[in-house]
Amino acid sequence: MATQHSRSAARIMMAPAVILLLGWMLVPLIMTLLFSFKKYLPMRGGDLGWVGFDNYVRFVSSSAFWPSVSATLIIVGGVLAITIVFGVLLAILLNQPMWGQGVVRILVIAPFFVMPTVSALVWKNMFMDPTNGLFAHLWKFFGAEPISWLSEASMPSIVMIVSWQWLPFATLILLTAIQSLDSEQLEAAEMDGAPPIKRFAFITLPHLSRAITIVLLIQTIFLLAIFAEIFVTTGGAFGTRTLTYLIFQRVLESQNVGLGSAGGVYAIILANIVAIFLMRIVGKNLDA
Amino acid sequence: MGQIKLNQVTKSFGDVQVIPPLDLTIEDGEFTVFVGPSGCGKSTLLRLIAGLEDITSGHIEIDGKDATNVPPAKRGLAMVFQSYALYPHMSVRKNIAFPMRMAGIDEAEQNRRIEGAAKALNLTDYLDRRPGQLSGGQRQRVAIGRAIVREPSAFLFDEPLSNLDAALRVGMRLEISELHKRLATTMIYVTHDQVEAMTMADKIVVLRAGFIEQVGTPLELYHNPRNEFVAGFIGSPKMNLIKGEEAQKHGAATIGIRPEHTDVSKTDGMWKGTVGVAEHLGSDTFIHVHDTGLDSGPGDMVTVRITGDIEAKHGDDIYLTPQLDKLHKFDAQGLRIG
Ligand SMILES: Nc1ncnc2c1ncn2[C@@H]1O[C@H](COP(=O)(O)OP(=O)(O)O)[C@@H](O)[C@H]1O
Ligand SMILES: [Mg+2]
């Protein structure tokens, strides 16, 4: 396979795919970069020429910028914490031999197949609606005042919705990892006098560390870009405006493509900082 | 201390009874080997003693106290697993320290015992490595070290050498035997390899399908096997078991003669056959003799063992004479006669 000839043949064969993918990635990236240095208002005069770093300065100095960064990080952090803690617990639970295991596993995985827009709408209207939602009924049943979730507890609500969507993913990865744990190790620990909690802490958790890092990495990448859940529920109000959402507003609501593009570049930088940070951890964890 | 007593112990998995009612006493300080073919319930029996499996009925006594419902950690037994079951993310030191850490033994004492075990097991240079960075034999020693530091009343080994290559196996066999002599602690050792059983045991328990076929010292089993199964299982090469006419001459359904108890001649003898494969080990030679006309299984083959060497080529005629005083006789049920 590795002769000179077969290698160059392989290159030619792969070229269309590589070029397509490269174009797919590079064109939008370059366009974004280009626009970010322009004053470009499609409805109010169109392309108004180069403005240097004006857009970048304006984007950062806008009062909405830092709150949006913190909203992004809170959502990402909150969802990661919840999905990993509950993912580990669910994985342990699902790994126990029990009746109807197959069905339960499918049920647990089901939320992953629901589109974000749909699931957010379901949560918003069926659970969190302050007059007709299930939560409202539950609160009333116990004689409490129903909460209007999406305005009074907007952040926790969104974290909850997104966690619900991502919990199956975390559970699935962690379940496969837990299934590969050698049961003799647990038995050895049991004989060594470790009670269940310590067996979990000293044997199971370290065994899962690799899978946890992978979940952390993959989820972070996707969570940095959540949009539909916010669009459908709060529309960015009540402190739920993430960086992605802010960019969307700048481009589509304020019709300021230049400013939005500068925000996009910031988002790329943020994502890369997080990615490098995570890669470090993963790298350390993966070669152990 | 470390006497273990099983009283009418049974174990079933669902409807399948793996261990039928079984009585066994293992004396304090004894090296007991459970030996038998794969799947005969050796591991299950060991795990019942360890407490890793619940017994279906019966009682287990350890040091004279009923331990039937005592959890594994409280039985004072240490186990060495076939897969070693080392904790992969902990250093060798931490692995060995783990049981002491769980027992809340103070740091200084922990270190003293770790150093002691490491020295005894040649692990001093490896204490800071991870199990993944060790060879099979070293991992085995770490697993033993982890068991030693607990100062248990008995050690349980489940086929501890089966993942090692032949040369290492012989070495580790000696080390474990020496360890037993030094510690004089009860050890129960499970293996399917009768050579390990013969070389290491004070007492061998031969199991078949959960039944105890015979209990005895290695030489008792060698000289006086209680039945055909034990006779065929103990000893290497295997005893020749001959049925039919030849056996009837001796008033038995089956006669058994060990390869080393057969005299070989090129000129005359009781049985005649042709030489098949001859395995020359230098010190002795195993000759597989075919077409003996004896009813001894496929090809009427009989194995003989002679000290030193013999000029025997494939296809040569050869004469065998069993030493009649070393002949084993079995009845139709396979039980020993006389
Ligand atoms: N957890 C279990 N569930 C069902 N059957 C088992 C289980 N463990 C062992 N067995 C059965 O019990 C028998 C004895 O197994 P084992 O004690 O492992 O044999 P050995 O160690 O002598 O090779 C085997 O037939 C095996 O299939
Ligand atoms: Mg076994």
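Lettering follows sequence order; numbering is per chain, from 1. Source: prediction; values computed, not measured.
- In B/F13, the CZ atom is crowded: over 12 heavy atoms of neighbouring residues, nucleotides or ligands sit closer than 6.0 Å.
- Sparse packing is recorded around CD1 of A/I197, with 12 or fewer heavy atoms of other residues, nucleotides or ligands lying under 6.0 Å away.
- Counting heavy-atom pairs under 4.5 Å between each of B/K74, B/R150, B/R146 and chain A puts B/R150 at the top.
- Here salt bridge (Lys or Arg N to Asp or Glu O under 4.0 Å) pairs that include residues 172-193 of chain B, with residues two or more places apart or in two chains, are B/R141-B/E175.
- Looking at B/A50, the atoms closer than 4.5 Å to chain A (heavy atoms on both sides) sit in the backbone and in the side chain alike.
- Every residue two or more places apart in sequence or in another chain that forms a side-chain hydrogen bond (donor to acceptor under 3.5 Å, both in side chains) with A/R241 is listed here: A/Q249.
- Taking non-hydrogen atoms and a 4.5 Å limit, the residue list of residues 76-92 of chain B in contact with chain A, ordered by number, reads B/L77, B/M79, B/F81, B/Q82, B/S83, B/A85, B/L86, B/Y87, B/P88, B/H89, B/M90.
- Heavy atoms closer than 4.5 Å to chain A are found nowhere in B/R75, neither backbone nor side chain.
- Annotation: maximal heavy-atom pairing with chain A below 4.5 Å, among B/P71, B/P99, B/A73, B/A143, occurs at B/P99.
- The CD atom of A/E184 sits 9.5 Å away from the CG atom of B/L52 when rounded to the nearest 0.5 Å.
- Taking a 6.0 Å sphere around CZ of A/F86, one finds it holds 12 or fewer heavy atoms contributed by other residues, nucleotides or ligands.
- For A/N272, the CG atom counts as densely surrounded, since its 6.0 Å shell holds more than 12 non-hydrogen atoms of other residues, nucleotides or ligands.
- Within a 6.0 Å radius of CE in A/M13, other residues, nucleotides and ligands contribute 12 heavy atoms or fewer.
- Applying the salt bridge (Lys or Arg N to Asp or Glu O under 4.0 Å) test to residues at least two apart or on different chains, none of the pairs has a partner in residues 162-177 of chain A.
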